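Notes follow the structure.
By convention here, the first residue in the shown sequence is residue 1. Keep in mind it's a predicted model, so treat the numbers as computed, not measured.
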Amino acid sequence: MAHQAHPYHMVDPSPWPLTGAVAALLMTSGLAIWFHFADMTFIILGTILLTLTSYQWWRDVVREGTFQGHHTTPVQNGLRYGMILFITSEVLFFLGFFWAFYHASLAPTPELGGVWPPAGITPLDPFEVPLLNTAVLLASGVTVTWAHHSIMEGKRTQAIQSLTLTILLGGYFTFLQALEYQEAPFTIADGAYGATFFVTTGFHGLHVLIGSTFLAVCLARQIQGHFTSNHHFGFEAATWYWHFVDVVWLLLYISIYWWGS
């Protein structure tokens, strides 16, 4: 970076924004085509292109930050602000679902029987699988914090062990949620209760899968020795995201599973 008089990273021309946009177009139009004509060709093509784009784009970011030295302190600060804004947008995303839930539950309409849960709905017991899932996710919050402290203290083996444990707990959470969905006595078509329950818990489950993938990439990078005690923002971002997922689940458990039942 000796040829430039500032510490900022001027990104090289890249094809990935274009291929990402094409992938998004294929996925959204492919979804509509799948719904109307039962043809999955475009959505499969879009998913493959998006996966390849994501892999190669992040490969380039890792290369720029870890091996080429472009992620200086001001660049890392910019990435931190970007991650904070992204998590803020995610908070507002879930706020919409909680708003819908409380709007329907605090003043149930006559169509819902004037009660909540609506007449004819048997809610899930909050002290069975949902409580176990809460314990699993809280435990994963502890293990990911352990991993963070291990990286900051240069304890490489402990960081690998704790990260592996976090990913396993995330996978166990997803497995338990899939079982819960199978056994639920209501569906997404069961009015406001079914819609708010499955959309909110479903999007949270998707975020757990994304977070688990994020942490799995960090585990692979940690095994390869990419992180140091003062240069590990990729992992830090994954940790912030995982704690956000934890907090959303706690609010979701208290609101929808416990109070809402």
For this session: State yes or no: do Leu124 and Leu250 share one hydrophobic cluster built from I, L, V, M, F, W and Y residues joined by side-chain heavy-atom distances below 4.5 Å, directly or via other members?
Result: no

Exercise. Do Gln158 and Glu153 have side chains that get closer than 4.5 Å, going by heavy atoms?
Worked result: no

For this session: Determine, stepwise, if the pair Ile160 / Leu219 fulfils side-chain contact (heavy atoms from CB on, under 4.5 Å).
Result: CA-CA 6 Å; Ile160 291 169; Leu219 176 60; 3.9 Å; yes

Problem set entry | Crowding at OH, Tyr55 (>12 non-hydrogen neighbours, <6.0 Å) | no

Exercise. Would you call Thr213 and Ile210 a side-chain contact if the rule is heavy atoms closer than 4.5 Å?
Worked result: no

Exercise. What distance separates His231 NE2 from Thr73 OG1, expressed to the nearest 0.5 Å?
Worked result: 9.0 Å

For this session: Please answer: with hydrophobic residues joined when any side-chain heavy atoms are less than 4.5 Å apart, are Val245 and Val129 in the same cluster?
Result: yes

Problem set entry | Aromatic ring pairing Phe94/Phe97, orientation class (parallel under 30°, perpendicular over 60°, tilted between) | perpendicular

Exercise. So which heavy atom on Met152 is nearest to which on Ser229, and how close?
Worked result: O-CB, 3.2 Å

Exercise. Are the side chains of Thr47 and Leu26 in touch, meaning some heavy atoms are under 4.5 Å apart?
Worked result: no

For this session: Calculate, to the nearest 0.5 Å, the distance between atoms CD1 and CD belonging to Ile151 and Gln222 respectively.
Result: 4.5 Å

Exercise. How are the rings of His207 and Phe203 set to each other: parallel, tilted or perpendicular (split at 30° and 60°)?
Worked result: perpendicular

Problem set entry | Enclosure of Tyr181 OH (heavy-atom neighbours >12, cutoff 6.0 Å) | yes

Problem set entry | Contact check, side chains of Thr200 and Phe101, non-hydrogen atoms, under 4.5 Å | no

Exercise. When rounded to the nearest 0.5 angstrom, what distance separates OG in Ser212 from OH in Tyr241?
Worked result: 9.5 Å

Problem set entry | Centroid separation Phe233 to His71 less than 6.0 Å | no

Exercise. Which heavy atom in Leu25 sits nearest to a heavy atom in Thr28, and how many Å separate them?
Worked result: O-OG1, 3.2 Å

For this session: Indicate whether the side chain of Thr166 and that of Ser140 have a donor and an acceptor atom separated by less than 3.5 Å.
Result: no

Problem set entry | Pairwise side-chain contact, Leu138 with Val142, heavy-atom cut-off 4.5 Å (strictly under) | no

Problem set entry | Trp258, CH2: over 12 other non-hydrogen atoms inside 6.0 angstrom | no

Problem set entry | Non-hydrogen side-chain atoms of His70 and Val75 separated by less than 4.5 Å | no

For this session: Compare all side-chain heavy atoms of Arg80 with those of Glu236 and state whether any distance is below 4.5 angstrom.
Result: yes

For this session: Test Phe173 against every option in Tyr253, Trp242, Trp249 by the ring pair (Phe, Tyr, Trp, His ring centres under 6.0 Å) rule and name the one that passes.
Result: Trp249

Exercise. Is a side-chain N or O of His204 found less than 3.5 angstrom from the main chain of Val248, in a donor-acceptor match?
Worked result: no

Exercise. Is it true that His232 and His226 have ring centroids separated by less than 6.0 Å?
Worked result: no

Problem set entry | Donor-acceptor under 3.5 Å (Ser162 side chain, Val144 main chain) | no

Exercise. Counting heavy atoms not belonging to Trp34, are there more than 12 under 6.0 Å from its CH2?
Worked result: no

Problem set entry | Backbone of Ile223 reached by a side-chain donor or acceptor of Arg156 within 3.5 Å | yes

Seminar exercise, completed: Between Pro123 and Phe186, the two heavy atoms sitting closest are CA-CE2, 4.2 Å

Exercise. Can you name the nearest heavy-atom pair linking Leu50 to Ala23, along with the distance?
Worked result: N-CB, 3.6 Å

For this session: Can you establish whether the number of heavy atoms outside Phe244 located under 6.0 Å from its atom CZ is more than 12?
Result: yes

Problem set entry | Exam field: side chain Gln177 to backbone Thr201, donor-acceptor pair closer than 3.5 Å | yes

Exercise. Under 4.5 Å between side-chain heavy atoms, hopping through other hydrophobics if needed: is there a path connecting Tyr193 to Val115?
Worked result: no

Exercise. Are any non-hydrogen side-chain atoms of Leu176 and Leu132 less than 4.5 angstrom apart?
Worked result: yes

Problem set entry | Spatial distance of atom CG (Leu95) from atom CD (Glu90) [nearest 0.5 Å] | 12.5 Å

Problem set entry | Ala192 versus Ala104, closest heavy-atom pair with distance | CB-CB, 4.0 Å

For this session: Quick one: pull up CD in Gln76 and NE2 in His9 and give me the separation to the nearest 0.5 Å.
Result: 13.0 Å

Exercise. By the rule that ILVMFWY residues connect when side-chain heavy atoms come within less than 4.5 angstrom, directly or transitively, which residues belong alongside Trp16?
Worked result: Trp57, Trp58, Val61

Problem set entry | Chi angles and distances behind the side-chain contact (heavy atoms from CB on, under 4.5 Å) call for Val247, His243 | CA-CA 6 Å; Val247 171; His243 286 313; 5.6 Å; no

Problem set entry | side-chain hydrogen bond (donor to acceptor under 3.5 Å, both in side chains) contacts in which one or both residues fall within residues 98-122, not counting sequence neighbours | Tyr102-Ser255, Thr109-Glu111

For this session: Tell me whether Trp240 is reachable from Val91 by hopping between hydrophobic residues (I, L, V, M, F, W, Y) whose side-chain heavy atoms are closer than 4.5 Å.
Result: yes

Problem set entry | Gap between atom CG of Leu251 and atom CG of Asp246 - 0.5 Å precision | 11.0 Å

Exercise. Do you know the tightest heavy-atom contact between Ser14 and Pro17?
Worked result: O-CD, 3.5 Å

Exercise. Any link between Ile87 and Leu215 through a network of hydrophobic side chains (Ile, Leu, Val, Met, Phe, Trp, Tyr) touching at under 4.5 Å?
Worked result: yes

For this session: Test side-chain contact (heavy atoms from CB on, under 4.5 Å) on Leu169 and Thr143 and set out the steps.
Result: CA-CA 9 Å; Leu169 287 167; Thr143 56; 4.0 Å; yes

Exercise. Yes or no on side-chain contact (heavy atoms from CB on, under 4.5 Å) for Phe197 and Asp190, after CA distance, side-chain angles and deciding distance?
Worked result: CA-CA 10 Å; Phe197 176 87; Asp190 283 321; over 6 Å; no

Problem set entry | Neighbour count >12 (heavy atoms, 6.0 Å) for atom CZ, Phe98 | yes

